[in-house]
Amino acid sequence: MVRAGLTTERLVRAGAELADEVGFEQVTVSALARRFDVKVASLYSHLKNSQDLKTRIAMLALEELADRAADALAGRAGKDALTAFADVYRDYAREHPGRYGATRHPLDPEAAAASAGGRHAQMTRAILRGYDLAEPDQTHAVRLLGSVFHGYVSLELAGGFSHSAPDSQESWRRILDALDSLLRDWPTP
């Protein structure tokens, strides 16, 4: 018998909240069952296992992040678009550290194809069109931006910049300025 009020969507959202509280890696079906004060078995009509739960949280997080990025990018181009896009990632990670961690969860090919990951790539490439980069340089730039954004945000979330001057916000702005400059004057091989 399915417990009244439990749905897959409700469980996934609760799992995402749990991830923000305790960290994505700590999210399990057992931890979620404790949150709802139910037996683990009662969740298996909605979720296959902890891996399924984590995949669903990752899909939710990617969708939320893509929606925020799309809203932030509307009507922007060049450095303004680059900055808005980067700030969305950083702000989302700060507001939802567990969900942000979920965006890095490996997805099988079917889940990846169904995820909002493709939207992220399209938005990044749209920003780069403003810098007039052709392939393969555009792909190199996509990888560079992803690496810088994720690396900076991950280090900042771990407290890596909290004990030294200048303030991490100042460094973030300078890094975005440097990225804009690099993208405008992309080196040729």
Problem set entry | For D167, all residues meeting side-chain contact (heavy atoms from CB on, under 4.5 Å), sequence neighbours excluded |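 With neighbours one apart ignored, the set is Q169.
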Would [X] and [Y] show up in the same hydrophobic cluster when neighbours are defined by side-chain heavy atoms closer than 4.5 Å?
X: L47; Y: M59; answer: no
X: V22; Y: Y100; answer: no
X: V142; Y: L176; answer: yes
X: I57; Y: L65; answer: no

Considering all heavy atoms, the nearest [X]-[Y] contact:
X: A141; Y: L183; result: CB-CD2, 3.9 Å
X: M123; Y: A70; result: SD-N, 3.5 Å
X: F24; Y: G98; result: CB-O, 3.4 Å
X: A84; Y: A72; result: CB-O, 3.8 Å
X: L73; Y: A81; result: CD2-O, 3.3 Å
X: A16; Y: L60; result: CB-CD2, 3.8 Å

Problem set entry | ring pair (Phe, Tyr, Trp, His ring centres under 6.0 Å) partners of residues 164-189, not counting sequence neighbours, each pair once |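 Ring pair (Phe, Tyr, Trp, His ring centres under 6.0 Å) check on residues 164-189 returns Y152-W172.
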Problem set entry | Residue pairs, two or more places apart or on separate chains, that pass ring pair (Phe, Tyr, Trp, His ring centres under 6.0 Å) and touch residues 55-76 |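 Every pair satisfying ring pair (Phe, Tyr, Trp, His ring centres under 6.0 Å) with a residue in residues 55-76: there are none.
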[atom2] on [Y] to [atom1] on [X], rounded to 0.5 Å:
X: T124; Y: R129; atom1: OG1; atom2: CZ; result: 10.5 Å
X: S115; Y: D108; atom1: OG; atom2: CG; result: 10.0 Å
X: I127; Y: L145; atom1: CD1; atom2: CG; result: 7.5 Å
X: L18; Y: L11; atom1: CG; atom2: CG; result: 11.5 Å

Exercise. What residues form a ring pair (Phe, Tyr, Trp, His ring centres under 6.0 Å) with Y89, not counting sequence neighbours?
Worked result: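 Only F85, H120 meet the ring pair (Phe, Tyr, Trp, His ring centres under 6.0 Å) criterion with Y89.
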Exercise. Got a sec, which residues hit ring pair (Phe, Tyr, Trp, His ring centres under 6.0 Å) with H140, two or more places apart in sequence or on another chain?
Worked result: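 Listed in chain order: nothing, the list is empty.
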Just wondering, do [Y] and [X] contact through their side chains at under 4.5 Å, heavy atoms?
X: S30; Y: K39; answer: no
X: L182; Y: P187; answer: yes
X: L62; Y: L107; answer: yes
X: V27; Y: S50; answer: no
X: R99; Y: E17; answer: yes
X: T28; Y: L53; answer: no
X: R125; Y: Q122; answer: no
X: L32; Y: V40; answer: no

Output yes when a side-chain donor or acceptor of [X] lies under 3.5 Å from a complementary backbone atom of [Y], and no otherwise.
X: H46; Y: L6; value: yes
X: Q138; Y: L133; value: yes
X: S147; Y: R143; value: yes
X: S181; Y: D177; value: no

Problem set entry | Criterion salt bridge (charged side-chain N to carboxylate O under 4.0 Å, His left out) on E95 and R68, from CA distance to verdict | CA-CA 13 Å; E95 291 170 34; R68 284 187 183 198; 2.9 Å; yes
Problem set entry | side-chain hydrogen bond (donor to acceptor under 3.5 Å, both in side chains) contacts touching residues 157-166 (sequence neighbours left out) |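 Pairs touching residues 157-166 that pass the test: none.
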For this session: Begin with the C-alpha distance, continue with both residues' side-chain angles, and end with the deciding distance and a verdict on side chain to side chain contact (heavy atoms under 4.5 Å, CB included) for R35 and E21.
Result: CA-CA 12 Å; R35 188 176 199 104; E21 293 166 17; 2.7 Å; yes
For this session: Verify the neighbour count for atom CD of E135: are there more than 12 heavy atoms of other residues, nucleotides or ligands below 6.0 Å?
Result: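 Yes.
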Exercise. Per the salt bridge (Lys or Arg N to Asp or Glu O under 4.0 Å) rule, which among R173, R76, R94 passes with D87?
Worked result: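 One option only clears the test, and that one is R173.
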Problem set entry | Intermediate values then yes/no, side chain to side chain donor-acceptor pair (under 3.5 Å), H105 and E25 | CA-CA 10 Å; H105 181 68; E25 293 306 317; 5.5 Å; no
Problem set entry | Y92-H96 aromatic ring centre distance below 6.0 Å |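 Ring centres of H96 and Y92 closer than 6.0 Å.
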Exercise. Ion pair present between D67 and R119, side-chain N to carboxylate O less than 4.0 angstrom?
Worked result: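 Salt bridge between D67 and R119, a charged N being under 4.0 Å from a carboxylate O: yes.
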Exercise. Are side-chain N/O atoms of D180 and Y131 paired as donor and acceptor at under 3.5 Å?
Worked result: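 Y131 and D180 do have a side-chain donor-acceptor pair below 3.5 Å.
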Exercise. So L144 and L179, side chain to side chain contact (heavy atoms under 4.5 Å, CB included) or not? Walk me through it.
Worked result: CA-CA 9 Å; L144 171 70; L179 285 172; 4.0 Å; yes
Problem set entry | Verdict with reasoning, E9 to R13, per salt bridge (charged side-chain N to carboxylate O under 4.0 Å, His left out) | CA-CA 6 Å; E9 181 180 346; R13 290 206 173 273; 3.7 Å; yes
